[in-house]
Amino acid sequence: MTELTPQAAANRAVWDEQHSSWYGGRAERLWTGDPCWGLWERPETELRVFPSLDGRDLVELGCGTGYVSAWAARRGARPVGVDNSSVQLATARALQEAHGPSFPLVHASAEQVPLPDACCDVVISEHGAIGWCDPELWIPEAARLLRPGGQLIFLRNSTLLTLCDHGDEPVGTTLVRGLAELPRLAQDDGSVNYQLPTGAMIGLLRRCGFVVDELTEIVVPADSPSEFDYVTADWASRWPSEELWKATLTG
Ligand SMILES: C[S@@+](CC[C@H](N)C(=O)[O-])C[C@H]1O[C@@H](n2cnc3c(N)ncnc32)[C@H](O)[C@@H]1O
């Protein structure tokens with residue numbers, strides 16, 4: 001078995017122990033509902049995250065409770081969900097058994113994925129690998145997994161939000177950290193988050209053979225509800241709290 005990186009080991013411990021109990025209800029609601037994305041659950045009809053999926057192989061890196069892969073399967077894709085937490089995957093498995101569809105779930109870090117080269121057409125991460133894995137490790141892994149012409153899609157917190165995040169909730173309107181303090185963000189609970197700034201992300205994607213197709217900065221109506229309280233809807237109506245990226249593997 002491949003040894004986990006220190007950050008993957010730390011994040012596994014945190015997700016296995018702390019983040020599972022409250023997640024089940026939300027996951028079931030999302031699993032059984034129509035696709036909607038991120039903190040604000042913006043509908044697929046608005047964000048258009050998914051490409052055409054019928055007959056495509058898709059790998060979700062940091063799939064958590066697996067609802068994104070379930071949506072993809074219902075659209076004709078053959079998904080494989082990869083996650084570092086056995087507890088998260090147990091929830092995904094329970095949702096498969098309760099509601100279908102079923103698809104393979106792999107317990108592994110997205111920094112070292114035990115799947116073959118060129119095995120898929122789409123790699124996707126919704127606040128999964130993108131927020132919790134070293135980008136210098138998981139973005140090359142995404143490139144390795146994709147067939148030429150395949151698409152990498154991820155949704156993450158915005159860099160502006162991260163720069164304004166002072167630790168207490170909700171995020172404020174003052175810059176509290178410099179760009180040089182990114183991408184690695186050690187958290188008080190022992191976990192490690194990552195936020196690669198925009199220019200560095202474009203450079204890394206290009207070095208890995210991608211061209212960037214789209215970067216959507218997500219701004220929402222000021223009365224948008226959310227189950228999360230680390231950023232207010234007022235903030236997110238003035239500045240982008242999340243970003244949607246799409247990139248295509250060339251060659
Ligand atoms: C915020 S959740 C997002 C996943 C999914 N969208 C959901 O809400 O269930 C973050 C997920 O990333 C996973 N994760 C953390 N570190 C990881 C790693 N190194 N490799 C793969 N997954 C990881 C966690 O276990 C967790 O399930």
Side-chain angles (χ1 to χ4, degrees), residues 23 25-56 58-77 79 81 92 95 99 101 103 120-132 142 146 150-165 169-171 173 195-196 198 201-202 205 210-248:
Y23 226 67
R26 176 174 186 270
E28 183 159 38
R29 181 171 58 74
L30 292 176
W31 182 291
T32 53
D34 291 330
C36 60
W37 299 96
L39 296 180
W40 309 102
E41 299 185 15
R42 302 310 296 172
E44 169 66 16
T45 45
E46 174 188 312
L47 282 186
R48 306 214 175 274
V49 174
F50 280 139
S52 163
L53 289 176
D54 199 22
R56 301 282 180 89
L58 174 147
V59 174
E60 184 181 5
L61 294 179
C63 68
T65 52
Y67 52 81
V68 170
S69 288
W71 298 333
R74 283 193 217 116
R75 291 177 168 237
L95 290 168
H99 304 288
F103 46 85
C120 68
D121 309 295
V122 179
V123 170
I124 193 162
S125 170
E126 189 215 29
H127 290 288
I130 181 62
W132 299 87
L146 281 166
Q151 207 170 27
L152 170 62
I153 300 170
F154 56 84
L155 194 125
R156 68 173 188 171
N157 287 339
S158 73
T159 299
L160 181 61
L161 180 146
T162 307
L163 295 178
C164 293
D165 182 2
E169 297 176 343
V171 165
T173 56
Q195 183 74 28
L196 193 63
T198 306
M201 178 61 86
I202 291 170
L205 288 168
F210 290 100
V211 289
V212 176
D213 303 317
E214 184 180 322
L215 166 52
T216 302
E217 296 172 300
I218 301 172
V219 174
V220 300
D223 59 355
S224 300
S226 173
E227 285 194 13
F228 298 89
D229 46 17
Y230 66 84
V231 56
T232 65
D234 179 58
W235 197 106
S237 73
R238 301 178 70 197
W239 302 286
S241 57
E242 294 178 294
E243 299 170 347
L244 167 66
W245 289 67
K246 295 185 183 182
T248 296

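Keep in mind that this is a model prediction, so the values were computed, not measured.
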**Report entry** Verdict with supporting geometry, Val122 and Phe50, side-chain contact (heavy atoms from CB on, under 4.5 Å)
**Finding:** CA-CA 9 Å; Val122 179; Phe50 280 139; over 6 Å; no
Requested in this report: Answer with yes or no whether the side chains of Thr162 and Asn157 bring together a donor and an acceptor at under 3.5 Å.
Outcome: no
Query raised in the report: Would you call the rings of Trp31 and Phe103 parallel, tilted or perpendicular, where under 30° means parallel and over 60° means perpendicular?
Result: parallel
Requested in this report: Over 60° means perpendicular and under 30° means parallel, so classify the ring planes of Phe154 and Trp245, tilted if in between.
Outcome: parallel
Report task. Drop me the distance from Arg156's CZ to Ser241's OG, to the nearest 0.5 angstrom. Result -> 13.0 Å
Requested in this report: Identify the heavy atoms of Thr248 and Asp213 that sit nearest to each other, and give their distance.
Outcome: OG1-OD2, 2.5 Å
Query raised in the report: Hey, is the main chain of Ser69 close enough, under 3.5 Å, to the side chain of Glu60 for a donor-acceptor pair?
Result: yes
Query raised in the report: Per the side chain to side chain contact (heavy atoms under 4.5 Å, CB included) rule, which among Ser224, Pro225, Ser237 passes with Trp40?
Result: Ser224
Query raised in the report: Could you walk me through whether Val220 and Arg42 pass the side-chain contact (heavy atoms from CB on, under 4.5 Å) check?
Result: CA-CA 8 Å; Val220 300; Arg42 302 310 296 172; 3.7 Å; yes
Report task. Any chance you could lay out the side-chain contact (heavy atoms from CB on, under 4.5 Å) test for Trp235 and Cys164, step after step, and finish with the verdict? Result -> CA-CA 11 Å; Trp235 197 106; Cys164 293; 4.2 Å; yes
Query raised in the report: Can you tell if the side chain of Tyr67 reaches within under 4.5 Å of the side chain of Arg26, non-hydrogen atoms only?
Result: yes
Requested in this report: Would you name the heavy atoms of Ala142 and Phe210 that are closest together and state the gap between them?
Outcome: C-CZ, 4.4 Å
Query raised in the report: Do you know which two heavy atoms are closest between Thr159 and Leu196, and how far apart they sit?
Result: OG1-O, 4.1 Å
Requested in this report: Would you check, one step at a time, whether the test side-chain contact (heavy atoms from CB on, under 4.5 Å) holds for Leu155 with His127?
Outcome: CA-CA 6 Å; Leu155 194 125; His127 290 288; 3.5 Å; yes
Requested in this report: Can you measure from CG (Leu163) to OG (Ser158) and round to the nearest 0.5 angstrom?
Outcome: 8.0 Å
Query - Smallest separation among heavy atoms of Leu58 and Leu53, with atom names - result: CD1-CD2, 3.9 Å
Query raised in the report: Counting N and O atoms only, with roles assigned by atom type, does the side chain of Trp71 sit under 3.5 Å from a partner on the main chain of Cys36, one being a donor and the other an acceptor?
Result: no
Query - Between OG1 on residue Thr198 and CD on residue Glu217, distance to nearest 0.5 Å - result: 7.5 Å
Requested in this report: Rounded to the nearest 0.5 Å, what's the gap from CD on Gln195 to CE on Met201? Could you check?
Outcome: 7.5 Å
Query raised in the report: Which of parallel (below 30°), tilted (30 to 60°) and perpendicular (above 60°) describes Phe228 and Tyr230?
Result: perpendicular
Query raised in the report: If you draw a 6.0 Å radius around CZ in Arg74, do more than 12 non-hydrogen atoms from other residues or ligands fall strictly inside?
Result: yes
Requested in this report: Taking the side chain as every heavy atom from C-beta outward, state whether Val219 and Pro240 have any atom pair closer than 4.5 Å.
Outcome: yes
Query raised in the report: Do Arg29 and Glu41 meet the salt-bridge criterion of a basic N to acidic O distance under 4.0 Å?
Result: yes
**Report entry** Beyond-backbone contact of Arg75 with Glu44, side-chain heavy atoms, under 4.5 angstrom
**Finding:** yes
**Report entry** Atom of Val49, atom of Leu244 and distance for their closest heavy-atom approach
**Finding:** CG2-CD2, 3.9 Å
Requested in this report: Starting at OG1 of Thr216, measure out to NZ of Lys246 and round the result to the nearest 0.5 Å.
Outcome: 7.0 Å
Query raised in the report: Side chain of Gln151, backbone of Pro51: donor and acceptor closer than 3.5 Å?
Result: no
Requested in this report: Mind listing the closest non-hydrogen atom pair of Glu126 and Val68 along with its distance?
Outcome: OE1-CG2, 4.0 Å
Report summary line: Rounded to the nearest 0.5 Å, the CG atom of Leu152 sits from the CG atom of Leu146 at a distance of 6.5 Å
